[in-house]
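All residue numbers in this chain count up from 1 along the given sequence.
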Amino acid sequence: MGTCDSSPENRMSVNRLLTAIFLYSSVFFAAGLIYDIVLYLLAGTWYLCIANAVSLLLMGGVLALYLSKRMNPDISLFTDMLVITLNISFSIIYESIASGPDASFRVLLGMCICTLPIIMASLTGIRSGPLIITLLIICSYSVAAIFIGDAKLFLCMPILMLIYIGAPIALKGIIILSRRLERERIAIAEEKSEFLRIMNIEAERFDLLGAKDTKEAARLLDELDVKIRETLVAQVKHVITSEECIRRAIREHHPGLTDAEMEICVLIVSGKTVSEICEIRHVSPSTVTSIRSRLRKKIGLAPGDSLKSYLKSIANLQAANPE
């Protein structure tokens, strides 16, 4: 599933949309199945009647699982579309075996109806969903064309394959792109909001930056310049002060550490990973691992003790007792 890496608000809106599509499509296809069951009962077509009844029961089971919160909207919608696709595939093959006077027309009609499940499956976060449904339909159509032996069905096959394979891929690509753009839009809005909060500037005043040749925009730019410099200086001072406190705390407990070992300790307490430490110190992972091993021996840690937790405890102790 694609599901993403989006904000909770964005994900909730997507879930609400999928839920609405799932519920409405369930009602729509269930009504169609009931209508077909009645027609098949009157015509005495028992195989198709049983197939539709089974499909209706399966859709009811999916709805029950969704209402009991055991299935999310993505899986529920895809499962429903898979059930409908299997039902239509069975009907297409049955019509080809029965070989009635209008068998070719019924097969092509079933292929047209199958565009709905493909489109619905493309809306879900299951990336392979449209492809699975498309393959099922193409396989059933191929079997039907062989049984009926109608040359027109074979001539239509390349066009149908192009539509059923190309359309879902294009639609899925558009949906993925729209979701990515929505995530980027939300990320930009959040970054702007955080920037305005840090700079303590109202959004209405910030929008004045888009105006040209206005004194208010010029004043705002000067104000931002001052605040940005003050914020950067404060952040740098905080980082330097924090690192000095960590160094002093570790040095008091373990005065025998080298400068390189002390730098690694500071980076470990700051939450840096081995790869990040390698980039900062311009050393290889084996060098960092070797220094960490020496640190554990010098500090006297047991094999099961965490070096990071130990160093953090020293830094926290220093922060709690700065004098």
Side-chain angles (χ1 to χ4, degrees), residues 21-22 24-62 75-124 126-174:
I21 294 172
F22 165 66
Y24 284 121
S25 65
S26 296
V27 173
F28 173 77
F29 283 111
L33 288 173
I34 293 171
Y35 176 77
D36 285 343
I37 288 172
V38 173
L39 290 181
Y40 293 142
L41 282 173
L42 295 175
T45 314
W46 303 110
Y47 287 112
L48 293 180
C49 181
I50 293 172
N52 280 24
V54 170
S55 299
L56 188 61
L57 289 174
L58 289 174
M59 288 183 62
V62 172
I75 298 177
S76 300
L77 180 58
F78 172 71
T79 306
D80 261 6
M81 295 307 103
L82 185 60
V83 170
I84 293 297
T85 303
L86 290 171
N87 178 272
I88 296 174
S89 298
F90 178 81
S91 300
I92 288 174
I93 294 174
Y94 178 87
E95 293 291 347
S96 66
I97 294 174
S99 296
D102 54 352
S104 296
F105 171 77
R106 290 180 180 275
V107 169
L108 290 174
L109 179 61
M111 295 294 289
C112 294
I113 295 174
C114 275
T115 55
L116 287 175
I118 292 175
I119 293 173
M120 296 293 186
S122 300
L123 299 176
T124 68
I126 303 174
R127 302 196 175 203
S128 58
L131 180 61
I132 293 172
I133 292 178
T134 300
L135 289 176
L136 283 172
I137 291 301
I138 290 177
C139 289
S140 61
Y141 179 84
S142 302
V143 172
I146 293 171
F147 273 113
I148 295 174
D150 189 345
K152 293 180 181 179
L153 292 179
F154 289 103
L155 292 175
C156 292
M157 188 178 294
I159 299 174
L160 290 172
M161 289 182 67
L162 181 63
I163 294 173
Y164 284 131
I165 294 176
I169 293 175
L171 182 58
K172 195 66 178 179
I174 293 172

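- The CD1 atom of Ile97 sits 10.0 Å away from the CD1 atom of Ile148 when rounded to the nearest 0.5 Å.
- Taking all atoms of both residues into account, the shortest heavy-atom contact from Ser25 to Leu77 is OG-CD1, 3.6 Å.
- Side-chain atoms of Val143 and Cys139, non-hydrogen and from C-beta on, never get closer than 4.5 Å to each other.
- Taking the side chain as every heavy atom from C-beta outward, Ile34 and Leu56 approach each other to under 4.5 Å.
- A distance of 9.0 Å separates CD1 in Ile92 from CG in Leu108, rounded to the nearest 0.5 Å.
- More than 12 heavy atoms of other residues, nucleotides or ligands shown are found within 6.0 angstrom of CZ on Phe29.
- Here the CD1-CG distance, from Ile75 to Leu82, works out to 12.5 Å after rounding to the nearest 0.5 Å.
- Nearest approach of Ala121 to Phe78, heavy atoms of both residues: CB-CD1, 4.3 Å.
- Note that the CD1 atom of Ile21 and the OG atom of Ser26 stand 11.5 Å from one another [nearest 0.5 Å].
- Residue Ile50 holds its CD1 atom at 13.0 Å from OH of Tyr40, rounded to the nearest 0.5 Å.
- Atom CZ of Arg106 is separated from atom OH of Tyr94 by 10.0 Å, given to the nearest 0.5 angstrom.
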Please report, to 0.1 Å, the donor-acceptor pairs under 3.5 Å made by any side chain of residues 83-90, with sequence neighbours excluded.
{"from": "Thr85", "atom 1": "OG1", "to": "Met81", "atom 2": "O", "distance (Å)": "2.7"}
{"from": "Asn87", "atom 1": "ND2", "to": "Ala51", "atom 2": "O", "distance (Å)": "3.4"}
{"from": "Asn87", "atom 1": "ND2", "to": "Asn52", "atom 2": "OD1", "distance (Å)": "2.8"}
{"from": "Asn87", "atom 1": "ND2", "to": "Ser55", "atom 2": "OG", "distance (Å)": "3.0"}
{"from": "Ser89", "atom 1": "OG", "to": "Thr85", "atom 2": "O", "distance (Å)": "2.8"}

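- When all heavy atoms are compared, the tightest approach of Ile37 to Cys49 is CG2-SG, 3.9 Å.
- Between Met59 and Leu33, the closest side-chain pair of non-hydrogen atoms falls below 4.5 Å.
- Considering only residues two or more places apart in sequence or on other chains, Tyr141 meets the ring-ring contact (aromatic ring centres under 6.0 Å, His included) condition with none of them.
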